[in-house]
Amino acid sequence: MAGKVIPTLPNAGGGGILMDSELMDSLSFLDVLSANEFEGEQIDPAVALETESDFYKGTPPKWMNFYLADERASDSSATPTGEEHDIGLIRRDGYEKLRELIKVQRQGSWSVNSIKLSHQPGSGGTTLAMQILWDLRKELRCAVLVDPSSDKKDIGKQVQKDPLSDTRTIAKQVVKLFATGDPENQNTVLLLQDNEHLRDPLQDFLIREITEQKISAKCPVVIILQCIRSAYIIDDEEDESRTEADLLLKSSLSDKEKTSLVSIEKQIQRHHRDEMGKFHSFNIMQHDFNEEYMRKTFCSDEGKEITKYLQQNKASRNTKLFAFLALVNSYVPGSYLLQSQCEAFLSHQDPYGVNLSFQKRMQPFSDLIVTFSRHGGEDKRVRISHPVLAHQCVQLLADAGIARSSATLDFLQYLTRQQIQPSLLLFFKDMLTKRETTSNGQEMFSRLILDIEKHEGIPECANVLKTASETFKHDPFYPQSLARFYYIKMSDFTRAEIWAERAKERVPTNSFIADTLGQVHKNHLYKQVNGKSGEKSGARDILFWAEKAIKAFKQEEELAEKETVNHMEDDSPTKMYHTFNNRGIFGYLQVANIVYNSLTNLNPKWRKILTQEISAEHLSVLFEDRKLMKYKTFITSLRVAVENKFYNFFESYLTYSEPRNWKDQPTYFQRDIVDCFCKYTSAPSPKEDLPLKTLKEKMASTFPGLSSLNQNASESNLSKITELWKIINKENPDDVNTACNYILANFIQINGPVASAEPATLPQLRTILQKFMEEEKTKLWTPEFYLLVLLLFWPEEAREGDVTNDIDLNKYVERMKQAFDNKYKKYLQSRELVPLFYLGKGAGLKRLVHKSSIDNICERLKRKSRTANKTRGSAEIRDTCIQDHLLRVKGVVRVYKAFARMADKEIEIRPQKQASVWKDGYISFYLGFDISGPVAFDIKYTIYTVVSGSNVQQKMKYAIGSEGTIMEESKTLLRGKSYLDLYYSGLRKYILHFYILVI
């Protein structure tokens, strides 16, 4: 290969800029594809043929593969033979859509964008993504995210890394790549990110870096192409968690693709005729990924030789290595072994084999294996040439008497004596503990464990997990999986408890690991009360196991609180990404529910004990069992604890937020919470006044409860609620929380199903709140208080004498954020905050649009869109529906901060997506109010144009864009939502209105 020319980067306005060695060395996490890659180079024909051959065998594509394909296409088009335009690489059908998505986002108005390409292993997803980068290398600054420390031969020198520190470095390097050159030369980075380098907070770090460097961009800074490999691809049109920037690539070919492969095969035959039988990756794709092709291959002479070797050499080192390689490649997409690790395994107890090459030592399996280097790694990677082939090899090995469990155990035995590559530890953990998500939900165990159970039996599964737990003595996930297996598959709760305790011992501060012990006891209780252990349990047995489960869940809850405190006090960026573990609180309610159901089934008298209509002092008399008094304290604590967990946590948790991905929250989650609460509170507390009792029955006794009342509630019911809060407020005029609830009740009534006069006027409600605003008792005020301040005093048109002119709303916005941080942030930071109100087009209180009004519009829209013409953009339909109800607010962006401009005031607001405010300028948006403050949705930059004439006027126009630029930001505002009406006969004589938000 001749000397290389100096690589260049493309500029946004055309032309290029040279990449010197200093710049390239500074971008250690990026494999940058230059605009002039391979241009001017003389590539050795032998190297070219070898590169093509390796790719068809199954190695990942190299940039040279795309260059050679372009060269062949160019040569073909230059010939007068009229042959088809063969390119040597198949373009999957998603190619055009992917290019269009990139084009849309490049023209959009976000600084950081992402596109998700989900693909099944071996379907060509990585090749498609790299093809896109190659074809756009002269337009965008293209790079692949890599790990410079991976594939090191000296494993012993590798140290534990801080993933977030690396993510911060990556963000700096991406921004540097974008900004290289003069400001006029900046250009969008197209960054390819695969499974191996997935980093959830990368987009947040990029936005932070752009802000800190004060990047003044004229085009998007980065488009991240996430190439996600997954064994299961759920292609469901009803899956509303998918966005328009998602692309699916499955292991099946269209007729067009099959025709293209026939043409490519002819080209391959011309250059690689003698090797066609070894091109397993190409041949598998050509046969539409059908496993039948590989079964026929193993019936050939070569295949029979392999089968014979396996049967005669089950204990040989190369057979054991091949078995494990097939196993890990089959069950962990993208996995590999390092060649040095493989050679060390082969040399163990066989020192004479070191003089042979790796390929010869792996005979007769060599043609099924590929070796390759990735992004300059020192050590080569080894894997089976294709996932379909790996799967068939596992079955071939099993037929030859080498079972999945024995292959796993053999390699585990070797690992106990060796220092191994860090990536292999992760592959092994995924293989034994990772639970895949399918269209039916999350699997109970890993695919390997499920297959061992299917083909070999339950004891073998337990043996593999037990051996792994004993091999990796510090890892908690293996004993956790083993504990789950014991209680779920074997109903062995004694062993399950032992291994759950061992998992806790390994990381005693981890609440998620501690959850397993609570689940063991909860499921033991469930089995006892349902008679699955042989006979139904009595009250004392139920209470015994319930108390153990409750104790475990309370300990988990305490650990979760400590985790949250530690993360919030830490100054590192990790506190931004901590997920609060609510399983301990939820587990408590689940156990309380089981106790209620089981005891009341034994004897209906238990209902009055559990709801505290009758004192627990009467236990022994009621049930003629003095030993029950041992559990008096436990029984008495249940109702109080259930109420506290509902009112102090779950009610606000479910009202103020929702999961970012609904698949992360089970469908029964909210139902079980409300069910348990209703049962224990079906009898009112004797200490409560009548108005409060009535409000509790109507689920309107708290601010979150009032916020959850929906538009379908009757006008009389809403009026009654408002009247009751008016009475309570008069009796307690100095109670700020009572005042807040009364004001909110008025808001809810205004948004009721029937247009009615305002129950209280805007000035009246302002007067109530101003009394407390003047006291300046900021330590006593809550986010709910500040929310009402913003809603009541948000300015309209400037009017003389308007009380809002004297209110510094920026002060209250800042205080609301501080109050939110203190009260809710630690619980809600990993969830999506739900707007409780929006700013509408009406006047007075009627300009405040409750979330239920928008929910109902979106629910109708969702039903309509299922039958509507799908060629019409969904964003266009949504925008049309929303425009009739919400006010589009004008604003401005300065130094990455957004401000609403109303009545000659500028009030700082939070963008729903920070990436949407990446440059200074005028904007417009819809304004919502969530529990942290005012938030802007569907932000659009606007352009001022000067109209000619004597009077210079300014006219505002929407900036050029497309629905793709707003589809993410509008997601929360426009989510289709519906209400779940929960009715419990014998517990409630009314319908409970509680949200289940459906994405």
Side-chain angles (χ1 to χ4, degrees), residues 1 31 33 37-38 43-44 46-69 88-89 119 121-131 133-134 144-153 155 192 194-197 227 229 268 272 275 278-285 318 321-322 324-326 328-330 332-346 357-363 365-390 393 421-424 426-427:
M1 192 179 293
D31 175 20
L33 175 62
E37 195 81 22
F38 299 113
I43 298 176
D44 187 333
V47 173
L49 287 174
E50 183 181 6
T51 301
E52 287 183 331
S53 176
D54 288 344
F55 175 67
Y56 296 133
K57 287 178 180 177
T59 65
K62 299 178 180 178
W63 296 126
M64 187 181 290
N65 287 111
F66 302 103
Y67 173 76
L68 294 172
L89 292 171
H119 63 101
S123 64
T126 302
T127 305
L128 172 59
M130 291 182 67
Q131 177 76 65
L133 264 66
W134 176 262
V144 179
L145 189 58
V146 299
D147 184 352
S149 65
S150 67
D151 299 357
K152 297 291 186 182
K153 286 190 174 182
I155 297 172
L192 175 56
D194 61 16
N195 288 66
E196 193 175 342
H197 305 98
C227 193
R229 187 187 301 108
I268 297 173
H272 306 278
E275 293 184 286
K278 299 178 182 179
F279 290 170
H280 295 301
S281 182
F282 176 81
N283 292 333
I284 288 171
M285 177 175 280
N318 65 344
L321 178 59
F322 174 70
F324 181 73
L325 193 60
V328 71
N329 288 168
S330 178
V332 185
S335 60
Y336 60 88
L337 301 182
L338 293 180
Q339 185 169 318
S340 60
Q341 195 83 61
C342 295
E343 289 172 340
F345 180 82
L346 292 173
S357 69
F358 175 69
Q359 285 73 18
K360 287 189 175 181
R361 297 176 77 179
M362 287 304 295
Q363 288 291 356
F365 313 114
S366 296
D367 289 345
L368 306 178
I369 295 171
V370 293
T371 60
F372 56 95
S373 298
R374 290 291 280 172
H375 310 298
E378 296 177 5
D379 204 346
K380 285 189 173 182
R381 298 180 179 186
V382 181
R383 75 179 188 199
I384 303 296
S385 62
H386 194 276
V388 171
L389 176 59
C393 288
Q421 65 191 69
S423 57
L424 182 55
L426 298 177
F427 297 151

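When each of H280, R381, R383 is tested with V370 by the rule side chain to side chain contact (heavy atoms under 4.5 Å, CB included), just one qualifies, namely R383.
The aromatic rings of W134 and W63 sit parallel, their planes meeting at an angle under 30°, below the 60° perpendicular limit. Between H272 and F279, the ring planes lie perpendicular to each other; the angle is over 60°, past the 30° to 60° tilted range.
Distance CG/D379 to CD/E343: 8.0 Å, rounded to 0.5 Å. In this structure, S123 OG and M285 CE are separated by 7.0 Å, a value rounded to the nearest 0.5 Å. Atoms CG and CD, on L321 and Q341 in that order, are 10.0 Å from each other to the nearest 0.5 Å. The distance from the NZ atom of K278 to the CG atom of N283 is 13.0 Å, given to the nearest 0.5 Å. Taking CG from L346 and CZ from R361, the interatomic distance works out to 5.0 Å, rounded to the nearest 0.5 Å. Atom SG of C227 is separated from atom CG of L128 by 7.5 Å, given to the nearest 0.5 angstrom.
Closest approach of N65 to T51, counting heavy atoms only: ND2-O, 3.3 Å. Taking each heavy atom of P60 and R374 in turn, the nearest pair found is CB-NH1, 3.2 Å. Listed here is the closest heavy atom pair of P333 and R229: CB-CD, 3.3 Å. Scanning both residues, S385 and S281, for their nearest heavy atoms gives O-CB, 4.3 Å.
Remark: aromatic rings of F282 and F55 are distant, center separation not under 6.0 Å.
Two residues are said to be in side-chain contact when any heavy atoms from C-beta on lie closer than 4.5 Å; L424 and L337 meet this criterion.
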Could you walk me through whether V382 and L325 satisfy the side chain to side chain contact (heavy atoms under 4.5 Å, CB included) test, starting with their C-alpha distance in whole Å, then the side-chain angles of each, then the deciding distance to 0.1 Å, before giving a yes or no? CA-CA 8 Å; V382 181; L325 193 60; 3.8 Å; yes
Where do L192 and L145 land on the side chain to side chain contact (heavy atoms under 4.5 Å, CB included) test, with the steps shown first? CA-CA 6 Å; L192 175 56; L145 189 58; over 6 Å; no
E37 vs Y67, test: side chain to side chain contact (heavy atoms under 4.5 Å, CB included). Steps then yes/no. CA-CA 8 Å; E37 195 81 22; Y67 173 76; over 6 Å; no
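By the ring pair (Phe, Tyr, Trp, His ring centres under 6.0 Å) test, F358 is found to be paired with no residue, residues two or more places apart in sequence or in another chain being considered. The ring pair (Phe, Tyr, Trp, His ring centres under 6.0 Å) test applied to F365 returns Y309, F322, not counting sequence neighbours.
Identified under the salt bridge (Lys or Arg N to Asp or Glu O under 4.0 Å) test for residues 51-61, with sequence neighbours left out: E52-R72, K57-E275.
Of the possible donor and acceptor atoms, one in the side chain of N329 sits under 3.5 Å from a partner among the backbone N and O of S335. Although no hydrogens or angles enter the test, the distance criterion places a donor-acceptor pair under 3.5 Å between the side chain of N318 and the main chain of Q363.
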